[in-house]
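Step one of this worksheet: look at the structure below.
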Amino acid sequence: MSKATKRKHVVKEVLEDCVIPTEDQHIMRVLGSNGNNLHEAVTGSGERFLVSMPTKFRKNIWIKRGDFVIVDPIKEGGKVKGEISFILYRDHIQSLRKVGVWPEGFQEDCASSERNGEKPKERSERKTEEEEEGDSDSEDDDSDLFVNTNRATVLYSESEEETDEEDDSNGDKEEEDDGEGRALKTA
């Protein structure tokens, strides 16, 4: 199978299939990448350990800090205690919540990760209100922009620069010649 065909099937599997974890599998949140296709992840109960990315996902599917994955445990693993079996996207998370298998430890994480801190129901109500109004303010709406979770959020405060009054007062001074070609300034 060629690389392009393999990539096509892997991407199709990840995006279209909805997997419910078995009793052995865990839903985990990725905390960061440690290199060598190893990722640090945390369970809903707060247990942290390394998980590996299988070869079928390498260079085909990327994950970042804050993404959710389904992990198969590795019983004999020392440092690496799991292998990623499925990568969860927003649609997968919503279907797992409806089924009721979403871990309690991640309930507040997903609620806070919703854009603008709104719940999905509130966002859909707001969209229907906007559609009814027919406003053209959708160009100014930044809620659909991608939020980079790999960077720390920095808030800048705008401050007015004070004008330098000394520069203005220097222009009012008179200059006199002292007779030797040097200028004297008097107030």
Side-chain angles (χ1 to χ4, degrees), residues 6-34 37-74 81-153:
K6 177 185 170 189
R7 182 178 299 132
K8 178 177 77 171
H9 289 295
V10 169
V11 169
K12 184 178 178 182
E13 175 189 340
V14 168
L15 294 178
E16 292 180 359
D17 291 346
C18 186
V19 177
I20 296 175
T22 62
E23 293 177 8
D24 294 340
Q25 295 177 331
H26 301 287
I27 296 176
M28 301 185 77
R29 183 170 43 103
V30 176
L31 297 177
S33 174
N34 289 3
N37 294 306
L38 295 176
H39 300 275
E40 186 176 0
V42 64
T43 62
S45 61
E47 183 181 353
R48 299 170 74 161
F49 52 87
L50 292 177
V51 295
S52 66
M53 172 88 68
T55 55
K56 75 175 187 177
F57 291 139
R58 294 177 189 173
K59 296 184 180 178
N60 293 327
I61 304 291
W62 287 268
I63 59 175
K64 61 186 182 301
R65 186 183 328 148
D67 284 351
F68 292 96
V69 293
I70 295 178
V71 175
D72 289 322
I74 299 175
K81 296 185 179 180
E83 183 176 50
I84 298 171
S85 63
F86 196 79
I87 299 167
L88 299 172
Y89 290 101
R90 181 175 294 148
D91 299 334
H92 301 127
I93 293 170
Q94 289 174 355
S95 65
L96 289 174
R97 279 190 185 160
K98 288 178 184 176
V99 173
V101 295
W102 192 253
E104 292 294 323
F106 295 138
Q107 292 293 345
E108 67 274 352
D109 290 342
C110 290
S112 65
S113 69
E114 294 291 332
R115 292 192 179 119
N116 297 333
E118 296 179 14
K119 294 181 181 173
K121 186 184 290 186
E122 293 173 353
R123 191 176 342 143
S124 63
E125 289 174 2
R126 185 182 57 151
K127 284 183 181 179
T128 56
E129 289 174 3
E130 288 177 358
E131 291 171 0
E132 291 172 1
E133 292 175 3
D135 291 337
S136 63
D137 293 335
S138 61
E139 298 167 359
D140 299 333
D141 187 21
D142 293 337
S143 65
D144 61 341
L145 292 178
F146 172 74
V147 177
N148 188 356
T149 58
N150 291 330
R151 300 279 182 185
T153 305

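Just so it is clear, the model here is predicted, and its values are computed rather than measured.
- At a threshold of 4.5 Å between non-hydrogen side-chain atoms, the residues Ile70 and Ile84 do not count as touching.
- In this structure, the side chains of Phe57 and Asn37 stay at 4.5 Å or more apart for every pair of heavy atoms.
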_Walk me through whether Val51 and Leu38 qualify under side-chain contact (heavy atoms from CB on, under 4.5 Å)._
CA-CA 6 Å; Val51 295; Leu38 295 176; over 6 Å; no
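- Annotation for Gln25 and Ser85: closest pair NE2-OG, 3.5 Å, computed over non-hydrogen atoms.
- Of all heavy-atom pairs spanning Leu88 and Phe86, the tightest one is CD2-CD2, 3.7 Å.
- With contacts defined as side-chain heavy-atom distances shorter than 4.5 Å, the pair Asp24/Asp72 does not qualify.
- With a 4.5 Å cut-off on side-chain heavy atoms, His92 and Phe68 do not count as touching.
- Summarising the geometry of Pro54 relative to Glu83, their closest heavy-atom pair is CB-OE2, 3.7 Å, with the distance given to 0.1 Å.
- Here the CG atom belonging to Asp67 is positioned 11.0 Å from the CZ atom belonging to Arg90, to the nearest 0.5 angstrom.
- Residue Asp91 holds its CG atom at 9.0 Å from SG of Cys18, rounded to the nearest 0.5 Å.
- Here the closest non-hydrogen pair linking Gly82 and Val71 is CA-CG1, 3.7 Å.
- For the side-chain contact (heavy atoms from CB on, under 4.5 Å) test with Ser33, the passing option among His39, Met53, Lys64 is His39; the others fail.
- The shortest side-chain heavy-atom distance between Gln107 and Arg97 falls under the 4.5 Å cut-off.
- Partners of Thr55 by side chain to side chain contact (heavy atoms under 4.5 Å, CB included), not counting sequence neighbours, listed by chain and number: Arg58.
- Residues forming a salt bridge (charged side-chain N to carboxylate O under 4.0 Å, His left out) with Glu40 (at least two apart in sequence, or on another chain): Arg48.
- Contact between Arg65 and Leu31 at its shortest, heavy atoms only, is CG-O, 3.1 Å.
- When all heavy atoms of Phe106 and Ile27 are compared, the pair lying nearest together is CE1-O, 3.4 Å.
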